[in-house]
Amino acid sequence: MIAEVIVDVSAYPIDRPFDYAVPAHLETVIERGSRVKVPFGPRKVIGYVTGLKSESEIEEHKLKKIDELIDLDPVLSPELMDLAKKMARETLSYEIDALQVMLPAAMRAKYEKFISVEKLEEIDDARVLAALNGRTRIPLKQITDPDVLKLIKDYSERGIVSVDTAISQQTKVKKVRTVHIGNSDTLAELLLTVHPNAKKQAELIRWMLDHAGETIEAAKLLNESGIQNPVLKAVIEKGGATEAYVETYREPDAPKLLDTPIPIRLTEEQQTALDKVKVAADSGKAETFLLHGITGSGKTEVYLQAIKHVLDKGKEAIVLVPEISLTPQMTARFQERFGGLVAVMHSGLSAGEKYDEWRKIHRREVRVVVGARSAIFAPFENVGIIILDEEHESTYKQEDTPRYHARDVAIWRSEHYGCPVILGSATPSLESYARASKGVYTLLELSKRAKNQPLPSVTVVDMRDELKEGNRSMFSVQLAEAIRLRLEKKEQTVLFLNKRGFSSFVLCRDCGTVVQCPNCDISLTYHRSNESLKCHYCGHEEPVPLVCPECESEHIRFFGTGTQKAEEEISKLFPEARVLRMDVDTTRQKGAHERILRQFSEGKADILLGTQMIAKGLDFPNITLVGVLAADTTLHLADFRAAEKTFQLMTQVSGRAGRHDLAGEVFIQTYSPEHYAIELAKTQHYQTFYNLEMAARKQYGYPPFYFITLVQFSHEDLLKVADFAEKGTRYLKNSLSPETVIIGPAAAAISRVNNRYRYQCLIKYKKEPKLIETLQQLIRMYRTNWMKDGLLMAVDMDPTSIF
DNA sequence: AGCACGCCGACT
DNA sequence: GTCGGCGTGCTC
C-alpha cells in the first residue's frame, strides 16, 4: 500500500504529495487525514495522508517507508481534506498551511535538534563536558559558544556524539488524580488495624466511611476532609482506597455575565426569519441567508432557535462571532441554552485549552461550537447550520497565509452538508447585501427592536463650530452637558474614541517636525504609561525626546487625542466621575476585558472610555449615553471601505445606548458632519447608505462591482522593489484580459515598514478566469527567481483593506 | 524550508 | 596544505 503524504515543509517545490510505502501493520489503520511521521531527505517530518493507493509511479528504490502513525483516529475528515485543497488553491497558499490552520496550534509539531552522546569516554574538551553537565542528551540550541559548536561538529563527524531532530507537540492531555474509596467493610476493618499513633489516618478512614464506595477528585477529598496528602497516600497504601489518573479537560473559567433575557416569544419578523431558515435546514440544500437586523432586534434569539432545530435533528452547529472573548455575554447565552453541548474557542484560551475544546468536538462530546474565525474548521461531520454573527467584521478574514475569509469557508462547508448559513449583521458588508439584493443570498429583515424600544436619539455635533466658539477641548458643550446629566442621574456613559490614525504623536511647535520611526514611514505613538514613543508596525520603542531631534527646540510636546489624554480631560472636567479605560494598554493581560466589563456592568464606574473594542457586544441596561469623540478618524483613511467602516462603527456604537427600559442618547462629534456615512448614522438608515455607497463603489470600480486582488512587494532597497513591482505588474498586464484594470505599481500608503520599502499593485476585475493560473505563474517566478534577491511578495485575494 | 554537496579564498 | 564561505540542488 502506498500513501500520498503532504509534509510539514512550507516551500514551493514541496507543495505536493510525496509517495510513501505503508508498513504492513499500519495498512488496516491508516486513513486519509491521518498524521504520520516520515523520513524526508536527511530528516524526519510530520505529514498528512492525502490519499491511499496500491501503485506508485516512483521507482521502487526511491520509495521510503512511513516511520510511524501519529493518530489512531484521523485528525481531519475527508471533507476537511478536500476543503484544504480547495482553500489552498483559492487563496494561493501552500496546501500544508491550509491543513495546519484547521487544527489547534498545540497540534503543530515543533522540531528541535538534540545532541546525543554516543561515546562519553572520548569527549576530552572541558567546555563540552560543562555544557553537557552530566546529561547525555541536550538541545543543540543550548550551545551558543561558536567554538563549542565547532567541537560538537567535530565529535559528530567522528561518531562521538550524534545530532538528531526531535519532533514534539504540546498536545498534553491533562490528567486529574481521583480516589476511589473502598467499601465500608474494608474501611471498618482497616480502622481496627491502624496504629494507635496514626490519629490522622484513623480520622481519614472515619471520613471515608461516610463516603464509602465514592469516587472523588483527590484535591477535593483533601480539601473537604482537611487531611494532608501523605496521610491519604498511607491509607491508599493500606488498601482503604485506590487512586487513578483520569483524563480531563482544562475548564476555561467562563466569564459569567448576566444574560439579559430576551422574550422567548419571537416577534413576527423573527418568526418569519426563523421559519425560512428551518425550511432550508429541512430541505437538505445549501442556502445562505443574510439576516439584516437593526441593533437590538434579537438576532441572537433567531440563531438560538435555529440551532435548537438542527440539534433536534441530530445535527451540529457552528457559530462564529468576531473575537469572542470580547462578548462573554454571547457565549454565556449559548452555554445557558445548550449547556454542556457547547465548546467555546477564542483567542483568550491557552493553547492547551484550545486543544481540549477541539478534542471535545472531534470526539463528538459537544454539538455546538461558538468561536472566533478558526472555529469555522470545527471537525464536525454532520453540520446542520453555520452562523456568522456580525458578518461584516474584518476579523473574519485572516491576514496571513492562508488568507481565507471565514464567510467563504462557511459557504463551502454548507454546500458539502447541504445546510443553511446565516450571515447576521445590523450593517451588512456591501458585498453581502449586494448578493442578497441579487438573490444569491436570501434576505431576512428584522426592522424592529425586539422589545420595541425606540432607537436612541442621535445628535451630530460639528466640532468646527465648537472651535469657533473657542472650545478647544475634546468634549463639545453638548456632550459635556449630557455627561454631567448622567452623572447626576447615576446612569452610565460610554465614550468611544477611535484611535486609529489619530493617535498621539510628538510634534515640535517650532519646526513642525513629527518624530518618526527610524524603520518605518510612520510617526511614533506616545505612550504615557512608560513615557515612551512606540511604533505600532515594527515595535520600535524609544524614550520621549526632551528637545526636538531636528532643531533642538524645547517646544516639543505630544499632540492628538489618545485614550490616555481623553481620560485626563474627563478627570479635569468631572473630577467626581469614576472612569474605566479600555484599550490595548489596559487589556493586555489575560482576562482583562472581562474584568473591565464586569466592573462596568456592576456599576463600579460611571464612564467607560475605550477604542474599537467597546463597540461590540456591550449590553447593559444602565447605559443611556454614548459619545463618539472623533468620528472622522476612520473616514479619511485612504481605503475604499473607509465610509462603510465609519457607518458600521457609528451604528454599532450607537446601538450600545438605551437597549433596555431607559431611553438612549448618542452624540457623534465630527469635523465632517455633512458626510453621508455620518449623516446617515443618525437615522441608522442602512438602505440609504447602501445606495449611496454603492454608487460611489460603482464610480470608482471597487467591490462589489469589481473583485479586487492586491499584490504587495517589499524590499530593503527602494530601487529594487520598484523594479520588481514593475516587472510583476507588467507580467500581469500582459497575461490578463484587457477588461481587467491594473492599478500601479505604486508605493504603498505606508511606504516603509521595518526598513523594507513597500510597493503594491491592485487588480480589479469582473470576470477573470485566468486569474488564479496567472497569479500562480507570477508566484512561481517570484519563488524561483526573485525571492533570492531579497524580494518579498504577497498576494491577497479580496483584501479587506488596500492600505 | 532545511540540509548536503561542492567548488574557490585566507589561515595554521 | 586545510577550514569554511555560501551557491546549487534535492527531498517520495
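Every chain is numbered from 1 and lettered A, B, ... according to where its sequence line falls, protein lines coming before strand lines. Values below: all heavy atoms of this structure, side chains included; hydrogens, waters and symmetry mates excluded.
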**Q** At under 4.0 Å, does any side-chain N or O of A:K788 touch on OP1 or OP2 of C:dT8?
**A** no
**Q** Between atom NZ in A:K64 and atom P in C:dC10, what is the gap in whole Å?
**A**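 So the two atoms are 15 Å apart, to the nearest Å.
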**Q** Taking NZ, NE, NH1 and NH2 as the nitrogens, is one of them in A:R363 or A:E365 under 4.0 Å from a carboxylate oxygen of the other?
**A** yes
**Q** Considering residues at least two apart in sequence or located in another chain, which fulfil the salt bridge (charged side-chain N to carboxylate O under 4.0 Å, His left out) criterion with A:D19?
**A** A:K53
**Q** Starting at the 5' end of nucleotides 1-6 of chain B, put B wherever the base has a protein heavy atom under 4.0 Å, S where only the sugar-phosphate does, and a dash everywhere else.
**A** BSS---
**Q** Under a 4.0 Å threshold between the charged nitrogen and the carboxylate oxygen, would A:E79 count as salt-bridged to A:R413?
**A** yes
**Q** Any salt bridge between A:K360 and A:E357, counting N to O under 4.0 Å?
**A**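 Salt bridge flag = yes for A:E357 with A:K360.
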**Q** Please report the distance, rounded to the nearest Å, between CD1 in A:I58 and C1' in C:dT11.
**A**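 Whole-Å distance recorded here is 11 Å.
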**Q** Are A:K37 and A:E68 close enough for a salt bridge, meaning some N to O gap below 4.0 Å?
**A** yes
**Q** Any base atoms under 4.0 Å from A:R16, or only sugar-phosphate, or nothing? Heavy atoms, all strands.
**A**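 Base, at least one base atom sits under 4.0 Å.
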**Q** Whole-Å distance between C:dT11 C1' and A:D15 CG?
**A**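 After rounding, the reported distance stands at 14 Å.
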**Q** Is it true that A:K113 and A:D164 have a side-chain N and a carboxylate O under 4.0 angstrom from each other?
**A** no
**Q** Can you tell me how far P of C:dC12 sits from CZ of A:F18, to the nearest Å?
**A**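 For the pair A:F18 CZ and C:dC12 P, the rounded distance is 7 Å.
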**Q** Between P on C:dC10 and CZ on A:R783, what's the gap in Å once rounded to a whole number?
**A**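 The answer, rounded to whole Å, is 19 Å.
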**Q** Between A:D356 and A:R359, is there a salt bridge with N-O shorter than 4.0 Å?
**A** yes
**Q** Starting from P on C:dC12, measure out to NE2 on A:H61 and report it in whole angstrom.
**A** 11 Å
**Q** Give a yes/no on whether any side-chain N or O of A:K62 is located under 4.0 angstrom from OP1 or OP2 of C:dC12.
**A**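 No.
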**Q** Which part of the nucleic acid, if any, lies within reach of A:K150 when heavy atoms closer than 4.0 Å are counted: base, sugar-phosphate only, or nothing?
**A**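 Contact class for A:K150: sugar-phosphate only.
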**Q** Nearest whole angstrom, please: distance from the P of C:dC3 to the CG of A:L151.
**A**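 A:L151 atom CG is separated from C:dC3 atom P by 13 Å.
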